[in-house]
Structures are given as structure tokens and as C-alpha cells.
Chemist: 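This is the structure I have questions about; it appears just below.
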Protein chains: 2
Amino acid sequence: MTDINTRPASRATIEDVAAAAGVSVATVSRALRGLPNVAAATRSRIEDTASRLDYRPDPAASRLAAGRSRTIAVAVPVVNTWYSAQVVAGVEAVCSEAGYDMILMSVGIDASHRRRLDAKAALDRRVDGLVLVDLAITDDEIDSLIGSKLAVASIGPRLGRMSTFGIDNVRVGEVATRHLLDLGHTRIGLIGEDTVPVFEFEVPGQRLTGHTRALEQAGIEPDPELIAFGEFAIDGGYEAFDRLMAMDDPPTAVFALADEMAFGALQRARELGIDVPDDVSVIGVDDHPVAAVVGLTTIHQDVSEQGAHAARAVLSALDGTDTELVHETSPVRLIERATTGPRR
Amino acid sequence: MTDINTRPASRATIEDVAAAAGVSVATVSRALRGLPNVAAATRSRIEDTASRLDYRPDPAASRLAAGRSRTIAVAVPVVNTWYSAQVVAGVEAVCSEAGYDMILMSVGIDASHRRRLDAKAALDRRVDGLVLVDLAITDDEIDSLIGSKLAVASIGPRLGRMSTFGIDNVRVGEVATRHLLDLGHTRIGLIGEDTVPVFEFEVPGQRLTGHTRALEQAGIEPDPELIAFGEFAIDGGYEAFDRLMAMDDPPTAVFALADEMAFGALQRARELGIDVPDDVSVIGVDDHPVAAVVGLTTIHQDVSEQGAHAARAVLSALDGTDTELVHETSPVRLIERATTGPRR
DNA sequence: CTGAAAGCGCTAACAC
DNA sequence: GTGTTAGCGCTTTCAG
């Protein structure tokens, strides 16, 4: 006594649809994927049948047969940072619209190869493409990824053999430091990440380069003492700022390589009774939403847009639409707020 | 002239391993998955062979044959919020350790059924389990998810037929408001989310309930005028605070249902020249890292831990380890900082 | 303890 | 324009 409303106990397969529509599975497959060589009438009949049967192709079967998973991964150093969340949001929006799944994986900040190799194994045949976020990666590793015919794009550092999306970090350093210079500051502290010294290729190193360049252009000898490292987060900025202020001759301005580090600096300043900007100016990078709250002067960048661009690059590489590498640089701009002021 | 170091051009399959180890594919499959009924010697020989060949099972093939994907999804309303990022970090850590992939999907905050149904279709046979974050979902929707034999857990609202992880949001509202009451405040504003009025089941509604209850216990008639809604983010808090302060008789204390809304309130207060806490006290919820920076009094909760717990619940349900539903309530505690003070 | 064989549900030649 | 068929690489009875 099968009720006409009875929904199938088990999912409808392509064969069910084929049988119900009176065609072969091959035709169903073609019709539903929008492939050519299907009569319009046949196609719409199949579409109707499929939706009536609530048919949805089994992703695993389709992946196995076609060799594509319609899934891309985004690999971030750490998941729960503002920056990562922005990138991921951008990637996710694009994936979701394109009908792709997005796998998120953290690879850790420790340079240990273990994690990276794990990542490679984890990626193998699971995903069609990959968005690398702020990951310093060796050429060999890149080759091995590309060799497994993954479509890859990177956000952050400019890697050689893949499309990259980011900002001009040297320029960021110059703009920030020049802003401080223009305000009359000459002793400028820098708060950055205590990273492995592969400066050329990493974001913090590039910002430092810009900083140093701006200093030199102003005829100021960069003082290594004025560089304080800490973890790339609020606490790191807090501690680095503390160290800077404990100097005999502390800087009158501080350039934090990220807003979150600047927040830590502001927190410590308040605790120490140091007035910002009267006693010391502070500038950050990112334009984190909280920057407006605390009045932080900063360099704005649109991170989630970079994520979206990278995702689109990966998807179009998979389509075969767009094969050539691009290196896209998003605009940045100085946002003057209340934490920077003239040297007193 | 095959070099002994030549890596296979195409991936090694289970057949390659079987041939190289001189056993059948069935035995390889058993051995590598740790199943019983494999002689120890055979097993280790197979393991060696597999690693020598750099063999990794094809996830799609294994998924198709076994019907399990070793993937779970986490569905969040919006990706790029602090709260989501915390949850996702917790889930990701657990998944990564268990060898599961994690798909992240945003389902949007609009109550439109379209997105939810899309989500269901997107999940179908792609994932073994699902972590729902702060999603108000109907019983029918739950049933349809569970019916597709997904292991489901939820973070935030306490849903009936699945394990849930969260905090006691009514209590959060009570604690926050009582803190303000203890400070002598009687006109207490509330800044919350302009949500659909399914109060009972949603986080903001529960906090509001606690707030109201605390007021009533103190013999204070809740005044609807003192409730200001806005989007659940900095801007929403900014605008809601602004409206509150524009009243003829503005509150002397404000309870923001989330730290990010409180940040917006603080920003607007600064712009208006309103001193916090001398003119108005502000308390939030979450203990966002920036709360310490701006000295925000708040209610602490550990969000990423909730994510980790939910992920473990899903995984153990998949293992069959742990079948019964749990409703776990994480502790919260008041963190008194500088934005609340006695009524003047 | 091990092997043979039948699928899992779909895609992609290739034939008609 | 449509159908037939041979896999994709694994898991899982069922024999032995």
C-alpha cells in the first residue's frame, strides 16, 4: 500500500531518476549538470523528475567517478584571529555561491614540518583547490602541492608559483612610519612578531623593511633597540610595549605591526598612566573594527575581500577559465584617528 | 630503468599495496584500518608496504563504499564574528586531532527558510555530523537532519532532541543586571539584538529574561523604553546606546548583551563626552579579548571550549561511543573591570 | 586469518 | 540526442 506521498526510505539514485523519466542514467547525468547534447524537452522532464524525487547526486560517487570534489580548503596558521576570520568569511562566501564546500584547517604557527606534511596528506585528493593564508612555504612544498594538481592561491606573502593576493606590506610600513615622522617623531618604536627570520618573504618582515626605509629616507638611523617582538596578538603587543616603555629613553611613537598588538600597547599604556597620544603615539595596521572604538590610527585593508579574490582565483583555475598567475595588491589607506599626535 | 627512488606518477591504490605485500585488497583494508582478524605479522608487513608506497586511501572511494565521510560541518550564522571564530577554532582542533575534516558553512542570520533548506541539501551525504552554532531551528528541521542519520550537536540555544552546549543565559542576564543593581543603579538600559521574537529559545531572549527577572526581584518595574535593539555587533551597540542616551531620562547603567555591542556603546559614549562609568556604567557578555583592553566589565565564557565539547559529542556519537543526549552548561563568571561603578 | 567478488552511485568514453 | 558499459578505489559480506 504505497502512498503516493511516501518519501523513499533511502535516497533516490540517478537510476531511480532515469527509470522515472524513461531515459538512461547517462542522460540524467548530462541533463542535470547542464551539459550539452540533451534535448530541451528531455532536460526539463528530467529536472522535474529529479526534483519530484528529491534527488541529489551523491557527492562521494561523483567525486570518485569524476575525480573532482567540488571542495576547496583554506589553510590558516591559527583559526581564531580576526584576520583569519575575515579571510575565511571571504572565501566561504565565494565557495558557497559557487556550490563548493570549504574545508578549514589550521596548520599552526610553529614552523615544524610535521604540521605542514600532515596538511599535505590531509589535502591529498580531498580537495580540488587550496587557499593558503599567511603561510611561509618553501618552493618544494609549493611544487608538491601543485604537483598534486591542486589549484592554489595564497593570501599574504607573495609566493612565486601561484597567484597571490595581499597588500603592499613594504608600503604599509612606509606609510605608517612616515605618518609618525610627519608628526615630528624621531624615536619610533616598532612592535612586531617574533618570527623566524625569513624576512624577505613574510608580512612582518616586509612591514619592517618599509619602516626602516622610511626612517632612512628621513635621515634617521634605525635603532635595533627600538624593535620589540612579541606574539602577534594583544598580549604580545602588551608585553612589547611594556619593554619599550621601560627603556631609559623610550620612543615617543610606536608602530605596531597589527591592530591587535596595538590594542595590547594601548592597554599597557593606560595601566602605566602613559597618555596616548600626548606621551606616546600609537599606530596599527588592519583597521580592525575595534580600532574605531578605541580611536586607533591605523592602515586600513580589506581582508575578507582578499579572501574572496583568492577563492575566485582558485575556482576559475578549476574551471579552466583563468589559468595565468596573478599577483593582486589591494589598496590600503591611512586612517587617522586619536592615538597619534605631534611629538611634544 | 626504474629508479628505486622514483615516486609513482599516479597515486598508489589499495591494489598496489595488496600486490606489493602479497595479500588481497580485503586484507589491506582490514589491516590499515586496525580491524581485527589480521595476523600481527601480516599487518605490520602491510603497514610497511603502505608507507613505502606512500599509500593513502582515496577518501571518495572509501566514503562511497563505507557510507561515511569522516567529515563534519559546522554551521554558523555569520563567519566573521569573534564568537564564531572561537567556536570554529574549538571544533577544528578536535576534528583535526581525530582525523576528521571540518566544513564551515554560514547560513545567514535572515530567518529565510531558503538558506536553511539549502544548508540541508548541502549537508546531505557530504558529512557525517554537524555542529549547529546559535541557530534557532524548528523541530521539523531537527528531525529532518537527524532523520538523515547525521550526528548533530548544538551550541547556544538548548534544542530538544540533540546534545547542546552553552551557558545559562538566563543566569547571565541575572548576574549582569544584579551587578548593576548592587552598584545602586535603578534605571538600567539593555542593548540587545533585534531578533525574531522566539524569545524562549534564543540566546538574546534568555539574557533578557534574566535581566527582567533580576529587576523584578529588586522590586523594579521593567521599562520597555529602556530596551534598545540593534544588530549584534559594534555598530548595533553604537546605535542602540545613542538612542538610549537621547532619552529624556536616560539610564545610568547599560547592559549590552554582547561585548561587541558594548564596544559600540563605549565608542558612542566617548564621542558624546559621556564618562564611563561616572555618567553611565556599561557591562557586556563574553569577555572578548578586547574587553580587557578597554576595561570592560563583562561576563566571561569560554566559547572555543564549547565548540570543542560539541565536536567531541558529535564524534563520539559517530563512534557509537556515546549515544545519549547531554545538555552541558559551561560556567560563567563576572569580571569586574573599569566600566561599571556606583550610581552617582 | 585470508581471499573472491559484489557492489557503493556516479561519470565518461564510445557506440548508435 | 541518447544509451551501453566500463570503471573510479574502496568496503564488506560470504566462503574457505
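Convention: sequence-line order gives letters A, B, ...; per-chain numbering from 1.
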Chemist: When you measure from the side chain of A:Leu64, which nucleotide among C:dA13, D:dG9, D:dT11 comes out closest?
Modeler: D:dG9
Chemist: Look at all strands and tell whether A:Asn37 reaches a base, only sugar-phosphate, or nothing, counting heavy atoms closer than 4.0 Å.
Modeler: base
Chemist: Rounded to whole angstrom units, what separation is found between the CG atom of A:Leu53 and the C1' atom of C:dG9?
Modeler: 15 Å
Chemist: How far does CG of B:Leu104 sit from CD of A:Glu92, to the nearest 0.5 angstrom?
Modeler: 6.0 Å
Chemist: For B:Arg125 and for B:Ala40, find the nucleotide of DNA chain C with the closest heavy atom, then tell me which residue's nucleotide is more 5'.
Modeler: B:Ala40
Chemist: So if I take every side-chain heavy atom of B:Thr27 and compare against C:dG3, D:dT11, D:dG3, which nucleotide ends up nearest?
Modeler: C:dG3
Chemist: Looking at D:dT2, C:dC8, C:dG3, which one has an atom nearest to any side-chain atom of B:Ala65?
Modeler: C:dC8
Chemist: Closest to the B:Ala66 side chain: D:dT12, D:dT5, C:dC10?
Modeler: D:dT12
Chemist: Can you see if the side chain of A:Thr42 gets near the phosphate of D:dT2 - specifically, an N or O under 4.0 Å from OP1 or OP2?
Modeler: yes
Chemist: Which whole-number value in Å describes the distance from B:Arg45 CZ to C:dT2 C1'?
Modeler: 11 Å
Chemist: Rounded to the nearest Å, what distance is computed from the CG atom of residue A:Asp16 to the P atom of nucleotide C:dG9?
Modeler: 9 Å
Chemist: In terms of side-chain heavy atoms of A:Ala39, which of D:dT11, C:dT11, D:dG1 is nearest?
Modeler: D:dG1
Chemist: Rounded to the Å, how far apart are A:Glu15 CD and C:dG9 C1'?
Modeler: 8 Å
Chemist: Should A:Val87 and A:Gln306 count as side-chain neighbours, where that means a heavy-atom distance under 4.5 Å?
Modeler: no
Chemist: Would you say A:Ser163's side chain and A:Val326's backbone share a donor-acceptor pair under 3.5 angstrom?
Modeler: yes
Chemist: Side chain of A:Tyr55 only, heavy atoms from C-beta on: which candidate in D:dT12, C:dC10, D:dG1 is closest?
Modeler: C:dC10
Chemist: Out of C:dT11, D:dT12, D:dC8, which has the shortest distance to the side chain of B:Ser29?
Modeler: D:dT12
Chemist: State plainly whether the residues A:Asp54 and A:Arg11 are in salt-bridge range, i.e. N to O under 4.0 Å.
Modeler: no
Chemist: What is the distance, to the nearest angstrom, from the CG atom on B:Leu32 to the P atom on D:dC10?
Modeler: 10 Å
Chemist: Mind checking the NE2-OG1 spacing from A:His309 to A:Thr164? Nearest 0.5 Å is all I need.
Modeler: 12.5 Å
Chemist: To 10°, what angle do the rotation axes through the five end pairs on each side of the helix from C:dC1-D:dG16 to C:dC16-D:dG1 form?
Modeler: 30°
Chemist: Between A:Arg126 and B:Asp101, is there a side-chain N and carboxylate O pair less than 4.0 Å apart?
Modeler: yes
Chemist: Do any N or O atoms from the side chain of A:Asp16 and from the backbone of A:Thr13 form a donor-acceptor pair under 3.5 angstrom?
Modeler: yes
Chemist: If you take atom types as modelled and just measure distance, does the side chain of A:Arg30 reach the base of D:dG3 with a donor-acceptor pair under 3.5 Å?
Modeler: yes
Chemist: Separation of A:Asp58 atom CG from D:dT11 atom P, in whole Å?
Modeler: 15 Å
Chemist: Counting side-chain heavy atoms from CB outward, which of D:dT2, C:dT11, D:dG9 is closest to A:Val38?
Modeler: D:dT2
Chemist: Can you find a side chain N or O atom of B:Arg33 that sits less than 4.0 Å from OP1 or OP2 on D:dT12?
Modeler: yes
Chemist: For a quick check under 3.5 Å, do B:Ser29 and B:Arg33 share a side-chain donor-acceptor pair by atom type?
Modeler: yes
Chemist: Please give, in whole Å, the distance from C:dA5 C1' to B:Ile14 CD1?
Modeler: 14 Å
Chemist: Nearest to the side chain of A:Ser24, which nucleotide is it out of D:dG9, D:dG3, C:dC10?
Modeler: D:dG3
Chemist: Without decimals, in angstroms, what is the distance between B:Arg63 CZ and C:dC8 C1'?
Modeler: 9 Å
Chemist: Between B:Ala26 and A:Ala26, which residue's closest nucleotide on DNA chain D lies nearer the 5′ terminus?
Modeler: A:Ala26
